[in-house]
**Q** 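Handing you a structure now.
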Amino acid sequence: MIDIKFLRDNPDVVRASQKGRGEDVTLVGQVIEIDEKRRVAINEFELLRAEQNTLSKSVGAAKGDEKTKLLESAKDLATRVKNADVKRAELEAQTQNIALQLSNVLDPKAPIGKEEDFVVLEHVGTPREFQNFEPKDHVELGKLLGAIDTERGAKVSGSRSYYLTGVGALLEFALVNYAISSAVKAGFTPVIPPVLVNPPAMEGTGFLGQAAENVYHLEKDGMYLVGTSEVPLAAYHMDEVLPADKLPLRYAGYSTCFRREAGTYGKDTRGIIRVHQFDKVEMFSFCHPDQAIEEHQRLLQWEKDFLNAMEIPYRVIDVASGDLGSSANRKFDIEAWIPTQKAYREVTSTSNCTEFQARRLNIRFKDADGIKAVATLNGTLVAIPRMIVAILENHQNSDGSVNVPKALQPFLGTQRFELV
RNA sequence: GGUGGCGUGUCUGAGCGGCCAAAAGAGCACGCCUCGAAAGCGUGUGUUGGGGAAACUCAACCGUGGGUUCAAAUCCCACCGCCACCGCCA
């Protein structure tokens, strides 16, 4: 949620941000208008309440006729207080309601435009030339290696489902182990969070807004399945005040992620690029707002380190304003080269949510200047299926066997995946 | 799932319907003492919101949400959470 005081002082900045995102600009005016009314209502209520507090005290002290008389007027005042309070509560709720619809204020450096208007920041590595053979896609390779079984996945769980078997399963463990051990080396606290969360956690992280249709909701229990461990990691410190000298607090969460993938019919229907369930190691940082931009760069660097270790060519893009999540003020995606698609495809993503998410979740820090909202940032260290796709396709040999990146060899005990 | 107990500030822990932002202790900060420290002594120490340039002032907050009352941390109801015991269970 946006800071209403900031909005009051800088309405044009917020308007420009909304415009850049292609979102409703008139919300800004609506908030200002209702906020005005809200403050008037607060004032009315508080004046009446103060009067009531004084009167109530004198009722306690009074005796006999005096008391009967006072009670009479106190009763009348009580109803007026109640009415003023109801009005105040309504306006507070309305203000909140509209303010929550506003997205985070864009970083001025974020490219303005729609999804396709991203800016490529850099290319790392060179897409491999397949001289003597036609590269196979990951579905075919997965079958040859006994690593991925999408047919049985569909039989048991429908479309966009799969089994990782044999070296596929082993590859997941290796990726996770490599990711977690490098995260621990970098100072992250490894975390296995709950994936079933309650409404405050889900709402607080901002996933029940535009992204709501992609969330699995267990109505009987009033719970949600998370689409990323960002949710339980962010909510971990919900309603807490963190000591400033402990910042940044960095967590690496390993969890299963659930996504309905509503509205993606026909997109990536083949293989495991877009699935309903996958495992992921996610980095999450709570830091001082003044440090957020640097921290964002660090997260990006750790993501790049991972891709480098996997020996996969990729590019880094600065995601355009229209394609940012509502909490992010800037986002960098890493896209790995997928040979059979002759395209770069998203494998990781890191967002700077500044204080936007923390304000909703009520996560603050305390230093000499007082108590303020922290900044939160997140970034993918490794999303398993997409990384498997990238590894299989980029490191395949003509017979369908696949070379294992050096970094993973200690975890797998082999240099090469052979056909089954 | 059943029964019982409990939820108060950074923590422990008092709290009779009005005198309660809330005793006491601990912690923390500052000061005195000291060569320095510990101990001791003294002072201070919640958050959010409204108004105000500020000093300050007003209001709200005792798990959450309702209710009773002129007045609720205190009484009533619902929910959530924690603890104990029983039942079931990987």
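What you see is a predicted model; the values in this text were computed from it and never measured. Chain letters run A, B, ... following the sequence lines, proteins first, then strands; residues in each count from 1.
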**Q** When both hydrogen-bonding distances must be under 3.5 Å and the geometry is Watson-Crick or G-U wobble, what is G40(B) paired with, if anything?
**A** C32(B)
**Q** Got a sec, which pairs hit salt bridge (Lys or Arg N to Asp or Glu O under 4.0 Å) with one end in residues 411-420 of chain A, sequence neighbours left out?
**A** Arg416(A)-Glu418(A)
**Q** Can you say whether the rings of Tyr178(A) and Phe411(A) are parallel (under 30°), tilted (30 to 60°) or perpendicular (over 60°)?
**A** perpendicular
**Q** Taking a pair as Watson-Crick or G-U wobble with both distances under 3.5 Å, which nucleotide is matched to C62(B)?
**A** none
**Q** OP1 or OP2 of C70(B) versus the side-chain N and O atoms of Gln52(A): is any pair under 4.0 Å?
**A** no
**Q** Need the pair for A22(B). Rule: Watson-Crick or G-U wobble, both distances under 3.5 Å, any strand; none if unpaired.
**A** none
**Q** Output a table of donor-acceptor pairs, distance under 3.5 Å, between side-chain atoms of residues 150-159 of chain A and any protein atom two or more places apart or on a different chain; print 'none' if there are none.
**A**
{"from": "Glu151(A)", "atom 1": "OE2", "to": "Lys143(A)", "atom 2": "NZ", "distance (Å)": "3.2"}
{"from": "Arg152(A)", "atom 1": "NH1", "to": "Asp149(A)", "atom 2": "OD2", "distance (Å)": "2.8"}

**Q** Is the shortest side-chain N/O distance from Arg49(A) to OP1 or OP2 of A60(B) below 4.0 Å?
**A** yes
**Q** Taking CG from Asp85(A) and P from A60(B), how many angstroms apart are they, rounded to a whole number?
**A** 10 Å
**Q** Under 3.5 Å, which donor-acceptor pairs do the side chains of residues 85-92 of chain A form with other protein atoms, sequence neighbours left out?
**A**
{"from": "Asp85(A)", "atom 1": "OD1", "to": "Arg88(A)", "atom 2": "NE", "distance (Å)": "2.9"}
{"from": "Asp85(A)", "atom 1": "OD1", "to": "Arg88(A)", "atom 2": "NH2", "distance (Å)": "2.7"}
{"from": "Arg88(A)", "atom 1": "NH1", "to": "Glu92(A)", "atom 2": "OE2", "distance (Å)": "3.0"}
{"from": "Glu92(A)", "atom 1": "OE1", "to": "Arg38(A)", "atom 2": "NE", "distance (Å)": "3.2"}

**Q** Taking only residues at least two apart or on different chains, which pairs with a member in residues 271-297 of chain A satisfy salt bridge (Lys or Arg N to Asp or Glu O under 4.0 Å)?
**A** Arg250(A)-Glu295(A), Glu261(A)-Arg274(A), Asp268(A)-Arg274(A), Lys280(A)-Glu282(A), Glu295(A)-Arg298(A)
**Q** Just how far, in rounded Å, is C1' of C58(B) from CD of Glu44(A)?
**A** 15 Å
**Q** Along nucleotides 44-51 of chain B, 5' to 3', which nucleotides get a B, which get an S, and which get a -, given that the test is a protein heavy-atom distance under 4.0 Å?
**A** ---SSBSS
**Q** Need the pair for C85(B). Rule: Watson-Crick or G-U wobble, both distances under 3.5 Å, any strand; none if unpaired.
**A** G2(B)
**Q** Please work out if Asn198(A) contacts a base, only the sugar-phosphate, or nothing of the nucleic acid, heavy-atom cut-off 4.0 Å.
**A** nothing
**Q** Identify, with sequence neighbours excluded, every residue that meets side-chain contact (heavy atoms from CB on, under 4.5 Å) alongside Thr354(A).
**A** Asn104(A), Asn329(A), Asn352(A), Phe356(A)
